[in-house]
Asker: 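Handing you a structure now.
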Amino acid sequence: MSVSFSSTSFAFQRPAHLCSNSLTVASNNFDSVPGGLGRLVLNVRSTSLCRRFRGLKLWVLERLNFQFQPPKQPKNRNHHFKNNLENEKGSVSDSSSILHVPDDKVTPMESPSLLQTGLSGAPMDVSRKPSLCIAVIGATGELAKRKIFPALFALYYSGFLPENVGIFGYSRKDITDEDLQSIIASTLTCRVDHQENCDDKLNAFLSRTYYINGGYDNKYGMSMLNARMEQIEGGSKTNRIFYLSVPQEALLDVASCLASSAQTQKGWNRIIFEKPFGFDALSSHRLTQYLLSNFQEKQIYRIDHLLGRNLIENLTVLRFSNLVFEPLWSRTYIDNVQVILSEDLAVHPGRYFSGYGIIRDIVHSHVLQTIALLAMEPPISLDGEDIRNEKVLRSIRKLEPKDVILGQYKTSGGAKVDACLNGLTPTYFAAALYIDNARWDGVPFLIKTGLGLIKHQMEIRIQFRNVPGNVYHECIGHNMDRAVNELILRDVPDEAILVRVNNKVPGLGLQLDSSELNLLYKDKYNMEVPDSYEHLLLDVIDGDSHLFMRSDELAAAWNILTPILNEIDKDNMSVELYEMGGRGPVGAYYLWAKHGVRWVED
Ligand SMILES: NC(=O)C1=CN([C@@H]2O[C@H](COP(=O)(O)OP(=O)(O)OC[C@H]3O[C@@H](n4cnc5c(N)ncnc54)[C@H](OP(=O)(O)O)[C@@H]3O)[C@@H](O)[C@H]2O)C=CC1
Ligand SMILES: O=C1O[C@H](COP(=O)(O)O)[C@@H](O)[C@H](O)[C@H]1O
């Protein structure tokens with residue numbers, strides 16, 4: 001059994017063990033299995049552990065379909081099962097049908113000749129029709145090759161996708177199923193921590209991968225995709241995910257053709273959209289209106305892969321599951337918050353960055369979502385909508401030029417603008433941002449993000465106020481700043497959670513030191529960290545939307561940035577050139593000082 005509860009920890013390893021073991025104890029009534037699968041799953045709403053089980057349901061239910069009849073009217077359905085059973089109005093449904101038993105289900109007992117051995121070593125029926133199909137539109141593109149297919153395979157390998165999942169690639173290139181399979185194969189690897197049956201799993205995954213040449217008429221192309229999916233689904237009730245990984249110019253056409261010609265009527269359809277989410281408030285609004293005229297909000301998943309990091313989930317886990325943090329989470333105890341996301345690399349040629357710049361690329365979704373999740377009000381549950389309802393984007397004050405520093409890295413040739421950049425497109429952004437609500441009034445949220453900087457760094461620092469009337473002030477010395485408590489959530493370099501505290505230096509006398517309590521992930525957890533695309537794809541499969549921007553969040557985020565974007569358009573903002581590989585514009589240091597914060601550089 002790989003789910004172990006001890007007094008201090010709970011560990012989760014491979015789902016295969018969990019599920020195969022669970023099958024021996026689960027009954028066909030999920031609500032009434034004490035201590036068994038039913039209890040683990042049904043406690044999802046109330047424990048953070050259970051977040052780790054999202055995605056398992058597909059795996060488990062795939063297997064349950066062989067052996068159990070699901071309850072006709074489950075009572076007390078938890079978040080997951082609610083999602084699974086609810087139906088939406090109209091033909092386009094977002095209700096997962098994974099609890100249903102396919103009408104044409106063939107049990108292993110009935111058809112022994114169809115048996116093969118699955119991941120868990122248990123028999124599986126490979127002829128069974130898929131309960132989930134995933135189509136990657138833009139399958140021959142860079143993102144699909146580099147990230148999406150590898151993430152899908154990793155999920156498949158680890159048992160988070162149904163064995164009989166259907167994977168479809170779509171683009172305009174005239175290639176075959178085999179061509180796509182060999183393109184994908186060239187980027188697939190098995191995880192270093194479990195390489196069992198790797199070749200078998202690779203082959204199984206590739207054998208479920210099909211290519212559709214959509215040609216230059218997406219309407220026709222999408223109906224071909226639909227026909228191919230139906231053929232593979234064989235009339236069974238199957239849910240579909242469409243990952244739109246196409247250039248922005250193609251997005252509207254692809255989305256509308258997909259909406260009218262490729263959605264299933266027999267299960268739910270979810271659509272993943274890649275960044276950028278519009279160019280400005282107006283274009284984004286138009287795009288949103290267009291999407292909402294084709295899809296329901298709950299079908300839309302706007303993906304920003306940087307939000308799939310542990311760091312982001314830890315923002316809420318640390319706060320809401322630790323009494324030592326939650327009561328401190330306000331202006332009463334927090335002095336300032338720093339969000340740092342720096343890259344040491346320059347812009348990747350060919351990316352949409354040029355012309356868009358760092359504000360649209362990184363600040364609009366990643367940085368503002370990070371702040372929104374950090375500063376949110378307590379949600380009533382971990383349900384995606386409950387979390388999205390509590391993000392405070394609409395309370396964030398619009399940015400003013402006086403609180404923003406922009407920069408662009410110099411080329412190696414001196415002060416000339418990089419050929420990859422369109423004019424003075426900012427590659428660096430620093431700002432002091434305020435949230436006008438009771439919790440955060442007056443607390444500066446300092447942002448620093450840029451390309452071509454001294455190091456790759458991604459961290460959030462929460463600095464607490466000085467201890468009022470600190471009786472140790474004489475032992476600390478004049479620089480009280482050095483004695484502030486800090487909570488640091490670091491993703492790069494070396495994922496870690498650190499808490500800076502004051503302690504006594506050993507020896508006689510009373511000298512204080514500021515030290516870091518250090519939870520270094522690689523020391524504590526000896527495992528390969530899944531890529532953030534895996535995390536987010538699993539969220540889409542589970543219908544968990546909390547890390548994806550809803551349309552109203554998108555609009556609120558543009559609202560915060562529009563005054564700056566307008567000033568840039570009018571050439572009213574200066575863009576400071578900085579050395580590639582340096583610390584960025586010096587103006588940022590003055591900005592922190594103006595907001596009463598000493599920037600921590602290490
Ligand atoms: N690459 C990255 O790291 C990131 C990318 N993104 C976003 O992801 C999306 C894809 O990026 P990327 O893979 O780099 O882009 P590419 O240009 O490498 O690939 C685009 C894909 O879309 C297909 N395509 C282009 N036009 C159409 C069309 N009219 N109808 C159907 N398919 C079409 C292309 O194939 P064909 O020409 O044969 O049709 C190709 O498969 C973009 O929106 C980008 O902004 C976001 C974050 C990071
Ligand atoms: O989404 C983006 O992320 C990358 C950084 O991603 P990483 O996984 O390589 O850390 C960033 O370079 C790019 O500009 C942005 O669009």
Asker: Hey, are Arg490 and Glu495 close enough for a salt bridge, meaning a charged N less than 4.0 Å from a carboxylate O?
Answerer: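 Looking at Arg490 and Glu495, the cut-off is not met.
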Asker: For the residue pair Leu368 and Leu433, establish whether any side-chain heavy-atom pair is separated by less than 4.5 Å.
Answerer: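 In contact.
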Asker: Looking at Leu341, is its backbone amide N or carbonyl O close enough to the side chain of Thr449 to form a donor-acceptor pair, meaning the two atoms are under 3.5 Å apart?
Answerer: yes
Asker: Is the shortest side-chain N to carboxylate O distance from Arg465 to Asp335 below 4.0 Å?
Answerer: yes
Asker: Ignoring hydrogens and angles, state whether a donor on the side chain of Glu385 or His546 is under 3.5 Å from an acceptor on the partner side chain.
Answerer: no
Asker: Assess whether side-chain contact (heavy atoms from CB on, under 4.5 Å) is satisfied between Ile460 and Asp491, documenting all intermediate values.
Answerer: CA-CA 9 Å; Ile460 298 160; Asp491 183 72; over 6 Å; no
Asker: Would you call the rings of Tyr409 and Tyr578 parallel, tilted or perpendicular, taking 30° and 60° as the class edges?
Answerer: perpendicular
Asker: Between the side chains of Ser283 and Asp280, is a donor N or O closer than 3.5 angstrom to an acceptor N or O?
Answerer: yes
Asker: Kindly indicate, with the supporting measurements, whether the criterion ring-ring contact (aromatic ring centres under 6.0 Å, His included) is fulfilled by Phe277 and Trp558.
Answerer: CA-CA 10 Å; Phe277 311 125; Trp558 284 116; 9.0 Å; no
Asker: Any idea which heavy atoms bring Arg319 and Glu326 closest together, and the distance?
Answerer: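 Heavy-atom minimum between the residues: NE-OE1, 2.8 Å.
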Asker: Compare all side-chain heavy atoms of Asn239 with those of Asn269 and state whether any distance is below 4.5 angstrom.
Answerer: no
Asker: Between Phe445 and Trp440, is there a side-chain heavy-atom distance shorter than 4.5 Å?
Answerer: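 Yes. Closest side-chain heavy atoms under 4.5 Å.
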Asker: Who are the side chain to side chain contact (heavy atoms under 4.5 Å, CB included) partners of Lys522, not counting sequence neighbours?
Answerer: Asp494, Leu520
Asker: Answer yes if the side chains of Thr140 and Tyr211 hold a donor-acceptor pair under 3.5 Å, and no otherwise.
Answerer: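 There is no such pair (donor and acceptor under 3.5 Å, judged by atom type) between the side chains of Thr140 and Tyr211.
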Asker: May I ask you to check whether His595 and Tyr434 show a side-chain donor-acceptor distance below 3.5 Å?
Answerer: yes
Asker: Mind checking whether Leu225 and Phe242 have side chains closer than 4.5 Å, heavy atoms only?
Answerer: yes
Asker: When you compare the side chains of Ser381 and Asp386, does any donor N or O come within less than 3.5 Å of an acceptor on the partner?
Answerer: yes
Asker: Ion pair present between Lys398 and Glu400, side-chain N to carboxylate O less than 4.0 angstrom?
Answerer: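 Salt bridge: no.
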Asker: If you take all heavy atoms of Leu315 and Trp329, which pair is closest and at what distance?
Answerer: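 So the minimum-distance heavy-atom pair works out to O-CZ2, 4.5 Å.
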Asker: Does Phe279 have its ring centroid less than 6.0 Å away from the ring centroid of Tyr356?
Answerer: yes
Asker: Just checking, is any N or O donor in the side chain of Arg302 or Ser551 under 3.5 Å from an acceptor N or O on the other one?
Answerer: yes
Asker: Can a salt bridge be assigned to the pair Asp552 and Arg550 using a cut-off of 4.0 Å between side-chain N and carboxylate O?
Answerer: yes
Asker: Could you verify whether a donor N or O on one side chain and an acceptor N or O on the other, from Arg598 and Asn336, lie under 3.5 Å apart?
Answerer: no
Asker: Is there side-chain contact between Met376 and Pro379, with at least one heavy-atom pair below 4.5 Å?
Answerer: yes
Asker: Do Phe464 and Val484 have side-chain heavy atoms sitting under 4.5 Å apart?
Answerer: no
Asker: Take Gln263 and Leu258, measure what side-chain contact (heavy atoms from CB on, under 4.5 Å) needs, and give me the verdict at the end.
Answerer: CA-CA 7 Å; Gln263 298 196 88; Leu258 186 170; 4.1 Å; yes
Asker: Can you check whether Val540 reaches Leu536 side chain to side chain, under 4.5 Å on heavy atoms?
Answerer: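 The answer is no, as the side chains (C-beta and beyond) never meet within the 4.5 Å cut-off.
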Asker: Less than 3.5 Å apart, which donor and acceptor atoms pair up between the side chains of residues 243-255 and the rest of the protein, not counting sequence neighbours?
Answerer:
residue	atom	partner	partner atom	Å
Tyr243	OH	Glu274	OE2	2.6
Asp253	OD2	Asn218	ND2	2.9

Asker: When you check the side-chain N and O atoms of Ser342 and Tyr428, is any donor under 3.5 Å from an acceptor?
Answerer: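 Looking only at side-chain atoms, Tyr428 and Ser342 do not form any donor-acceptor pair under 3.5 Å.
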Asker: Please find the pair of heavy atoms, one from Ala139 and one from Gly169, that lie closest to each other, and give the distance.
Answerer: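 Smallest interatomic distance, heavy atoms only, reads CB-CA, 3.4 Å.
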